[in-house]
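To start, the structure under review is shown below, and the notes come after it.
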Amino acid sequence: MNYLGEQLTKRKENDGLPRTPTPRRRTLEVIPARQRQRSLSLDAKIVLNWAVSRNDLDTVKGLIESGAQDVDINEPGVDGFYPLHRAATTGSMDCLRFLIDKGAAVEVFDKDGLSPLDAAVSEGEYDCALVLIKAGANIKNIKYGFIDDKSLKPTTRLALQKTIKQLQQK
């Protein structure tokens with residue numbers, strides 16, 4: 001018999017002797033920690049600007065029509081930009097029209113001194129610029145935009161030029 005076999009038979013022979021106690025495995029008891037309710041509360045102005053920049057009309061309507069005290073569409077957000085500027089620069093046409101219908105001032109200036117019309121034209125959002133012009137935005141406030149931009153659709157370019165000519169004649 002080999003060494004291992006001898007050790008096993010000795011162990012079986014010594015079964016009557018007391019064994020040294022082996023430590024039991026402890027199971028970890030999960031004690032529930034005091035649970036906190038986690039909630040995220042954002043400033044209504046931040047939510048409004050976020051929703052406008054993503055053209056989320058349902059959220060914008062909900063904020064404005066709920067009568068929340070913190071929401072004023074003619075007041076700049078925490079970063080100095082008005083909701084109308086956000087809609088104009090991101091091409092959020094639905095929100096832009098809704099804000100204008102709800103009385104948003106089209107002649108406001110952001111922290112950089114730009115009007116929503118200037119912001120729309122400088123970002124290439126000419127359809128939004130056309131809506132702003134029809135809503136009464138002053139075309140003299142276009143600082144950095146160019147109507148002769150080659151990326152314009154011909155129909156949009158013609159509509160802009162026609163609207164600007166009509167406004168200049170008044």
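Just so it is clear, the model here is predicted, and its values are computed rather than measured. In what follows, every heavy atom counts, from backbone to side chain, and hydrogens, waters and symmetry copies are set aside.
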[X] [atom1] to [Y] [atom2] distance, which is reported to the nearest 0.5 Å:
X      : Y      : atom1 : atom2 : answer
Leu132 : Asn138 : CG    : CG    : 12.0 Å
Thr90  : Glu125 : OG1   : CD    : 7.0 Å
Leu114 : Phe81  : CG    : CZ    : 8.0 Å
Asp112 : Asp118 : CG    : CG    : 10.5 Å
Ile73  : Leu84  : CD1   : CG    : 8.5 Å

Determine, using the 4.5 Å side-chain heavy-atom cutoff (strictly less than), whether [X] and [Y] are members of one ILVMFWY cluster.
X      : Y      : answer
Val106 : Tyr82  : no
Leu96  : Trp50  : no
Met93  : Leu130 : yes

Nearest heavy atoms of [X] and [Y], plus distance in Å:
X      : Y      : result
Ala51  : Cys95  : O-SG, 4.3 Å
Leu57  : Asp94  : CD1-O, 3.9 Å
Cys128 : Gly91  : SG-CA, 3.7 Å
Ala129 : Val121 : CB-CG2, 3.7 Å

**Prompt:** So, does Asn74 use its side chain to make a donor-acceptor pair with the main chain of Val108 at under 3.5 Å?
**Reply:**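 Not a single qualifying donor-acceptor pair exists.
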**Asked** Between the main-chain N or O of Ala119 and the side-chain N or O of Thr89, is there a donor-acceptor pair closer than 3.5 Å?
**Response**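 Here the side-chain-to-backbone pair does not exist.
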**Message:** Using side-chain heavy atoms (C-beta onward) and a distance below 4.5 Å, is Pro83 in contact with Asn49?
**Reply:**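 With C-beta onward as the side chain, the pair touches.
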**Request:** Indicate yes or no: at least one non-hydrogen side-chain atom of Ile64 is less than 4.5 angstrom from one of Leu99.
**Result:**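 Side-chain contact under 4.5 Å: yes.
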**Message:** According to salt bridge (charged side-chain N to carboxylate O under 4.0 Å, His left out), does anything in residues 44-64 pair up with another residue at least two apart or in another chain? List the pairs.
**Reply:**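 Residue pairs passing salt bridge (charged side-chain N to carboxylate O under 4.0 Å, His left out), neighbours aside: Lys45-Glu75.
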